[in-house]
Amino acid sequence: MPELPEVESLRRILARSIKGRRFIGATIVEPRLRRTVASDLPKRICDGVITRVGRRAKYLLIELHDDRILMVHLGMSGSLTHRRGLADNTGFDPRHDHVTFMLDDGSCLVFNDPRRFGLIRLITRAELESITELAATGPEPFGGGFSAAYLWRTSRGRSGAIKNLLMDQRIVAGVGNIYASEILFRAGVRPTRRAGKVTRAEIERIAKITPQVLRAAIGSGGTTFRSYRDSQGQPGRYAERLQVYDRKGQPCVTCATLIRAVVVGQRSSFFCPRCQK
DNA sequence: AAACATTCCTGCACGC
DNA sequence: TGCGTGCAGGAATGTT
C-alpha cells in the first residue's frame with residue numbers, strides 16, 4: 001500500500017478527523033511488528049492531545065501537545081483506520097487488527113497489518129530527526145531540497161540503476177516501487193539505466209515529474225493495489241491512472257507498444273521499450 | 001505457488 | 001593499509 005501519496009492521503013483525512021482528540025487508552029493484541037511495540041505504549045500515550053497530524057517520508061506523525069509524536073509506518077500491507085467506536089465493526093479483522101487506540105470522543109484508531117512490516121513508536125520531537133528510521137532520510141520531493149541540480153549531483157558516478165536511486169529514501173523521501181516506474185515512464189527513461197549515465201536533460205525531466213506524479217496521486221487519494229484502503233475504508237483512485245505499473249503485456253498509453261517487465265534491484269519494474277530510452 | 005506496495009542490516013568490492 | 005562509499009542480497013512475514 002504505502003508510498004508517500006498514500007500516507008499523505010491518510011494524513012489529510014486524519015488531520016480533519018482526529019485533531020484535538022485526546023488518547024484515553026490503547027490495546028496491543030500483537031506487538032510483533034518491524035520492531036516490537038513497546039508494552040508501556042498504552043500507558044504512556046494516555047492523555048496525549050493530538051495537536052497536528054504530520055508526515056515525513058512514508059512515516060505518519062501524530063503529534064501530541066507535550067512534544068511527543070506517535071510515529072506510524074504502514075510497511076507493505078498496513079493500514080490505519082478511524083472508526084466511530086469500539087462497537088463499530090466495519091472492516092473488523094481479528095487476525096490483523098494489531099493495535100487499537102481509543103480517543104476521548106469514543107472513536108478509535110485501528111492499526112491493521114497482515115504482513116507486520118509496519119512500525120509504531122512513541123518518540124519525542126527532539127528524537128525526530130536523529131532516530132534510525134529518519135536520520136538518513138533525504139529531502140521531501142516537494143520544495144527546494146529536491147531539485148534537478150540536487151539529483152544531478154547525487155546521480156553522478158553512480159553505477160546503480162536510476163530506479164534504485166529514485167527509490168533510495170536517502171536520496172529522496174517517499175518514492176516507492178509503483179511511483180518509481182510511473183515517474184520514469186513519464187520522464188522517458190528506462191528503469192535499468194545506470195544513474196550516472198542519465199543525461200542532464202533526462203535528470204531535469206525526472207526532477208520535474210517526480211513531484212507532479214506524487215501530487216496527482218495524492219489528489220486521487222493514492223493508489224489501491226490489491227488491498228489498500230484509506231482511514232475511512234475507501235480505496236485510492238490513482239490505480240486507474242497508472243500508465244505502466246502492473247501493465248505488463250498491455251499496450252503503452254502513448255504508442256501502443258506492449259509494456260515490458262524487468263526486475264531491478266529485486267523489485268518488479270515496468271516500462272515501455274519504445275517511449276523510454 | 002510465485003510474487004509482493006518496505007526498511008534495515010550485512011558483507012563485499014572498489015577507489016583514493 | 002584503512003576508510004568511506006556504493007551496491008547486492010537477505011531477512012522480517014502472510015496473503016493472493
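Just the heavy atoms: all of them, side chains too, but no hydrogens, waters or symmetry mates, feed the values below. Every chain is numbered from 1, with letters handed out A, B, ... down the list of sequences.
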#### Entry: salt_bridge(A/Asp93, A/Arg95) N-O dist < 4.0 Å
no
### Task
Write down the distance between NE2 (A/His98) and C1' (C/dT15), rounded to a whole number of angstrom.
12 Å
### Message
Any residue in residues 116-127 of chain A with a heavy atom nearer than 4.0 angstrom to DNA chain C? Just list them by number, or reply none.
### Response
A/Arg116, A/Phe117
### Query
Would a 4.5 Å heavy-atom cut-off, applied to side chains only, mark A/Thr192 and A/Phe271 as touching?
no
### Query
P atom, C/dA12 versus B/dA1: distance in rounded Å?
22 Å
### Query
In Watson-Crick or G-U wobble terms, both distances under 3.5 Å, what is the partner of B/dA3?
C/dT15
### Query
How are the rings of A/Phe270 and A/Tyr245 set to each other: parallel, tilted or perpendicular (split at 30° and 60°)?
perpendicular
### Query
Does the distance from a Lys or Arg side-chain N to an Asp or Glu carboxylate O, for A/Glu133 and A/Arg35, drop under 4.0 Å?
yes
### Query
Quick one: does A/Tyr150's side chain have a donor or acceptor within less than 3.5 Å of a partner on A/Gly144's backbone?
no
### Task
Determine the sole option in A/Asn112, A/Thr81, A/Thr27 for which the side chain to side chain donor-acceptor pair (under 3.5 Å) test with A/Asp97 is passed.
A/Asn112
### Whole angstrom value for the distance that separates C1' of B/dC9 from CZ of A/Arg34
13 Å
### Message
Please determine whether a side-chain nitrogen or oxygen atom of A/Arg32 lies at a distance below 4.0 Å from atom OP1 or OP2 of C/dA12.
### Response
no
### Query
For A/Glu133 and B/dC8, what is the distance between atoms CD and P respectively, to the nearest whole Å?
6 Å
#### Entry: Most 5' of A/Arg115 and A/Thr132 on DNA chain B, judged by nearest nucleotide
A/Arg115
### Message
Quick check on B/dT6: is either OP1 or OP2 less than 4.0 Å from any side-chain nitrogen or oxygen of A/His73?
### Response
no
### Task
Please report, rounded to the nearest Å, how far the P atom of B/dA5 is from the CE atom of A/Met167.
8 Å
#### Entry: Sidechain N-carboxylate O distance under 4.0 Å for A/Glu182, A/Arg241
no
### Message
Can you see if the side chain of A/His96 gets near the phosphate of C/dT13 - specifically, an N or O under 4.0 Å from OP1 or OP2?
### Response
no
### Query
Does A/Glu202 come within less than 4.0 Å of A/Lys277, counting only side-chain N to carboxylate O?
no
### Message
Less than 4.5 Å apart, side chain to side chain, heavy atoms only: is that true for A/Leu166 and A/Ile171?
### Response
no
### Query
How close or far is atom P of B/dC8 from atom CE of A/Met76, stated in whole angstroms?
14 Å
### Query
Can you give one letter per nucleotide of nucleotides 2-11 of chain C, going 5' to 3': B for a protein heavy atom under 4.0 Å from the base, S for sugar-phosphate only, - for none?
----SS-BB-
## Note on the structure
Picking from B/dA5, B/dT6, B/dC8, the nucleotide nearest the side-chain atoms of A/Tyr245 would be B/dA5
### Task
Check the pair A/Glu127, A/Ser130 against side chain to side chain donor-acceptor pair (under 3.5 Å), reporting the backbone distance first and the verdict last.
CA-CA 5 Å; A/Glu127 289 173 301; A/Ser130 62; over 6 Å; no
### Task
Using whole Å, report how far CG of A/Asp168 lies from P of B/dC8.
11 Å
### Query
Between A/Arg35 and C/dA12, does any side-chain N or O lie under 4.0 Å from OP1 or OP2?
no
### Rounded distance (Å) that lies between atom P of C/dG14 and atom CG of A/Asp97
16 Å
### Query
Using atom C1' of each nucleotide, how far apart are B/dA5 and C/dC7 to the nearest Å?
23 Å
### Task
Please state whether the phosphate of B/dC4, meaning OP1 or OP2, lies under 4.0 angstrom from any side-chain nitrogen or oxygen of A/Ser268.
yes
### Task
Please state how far atom CG in A/Leu33 lies from atom P in B/dT7, giving the value in whole angstrom units.
15 Å
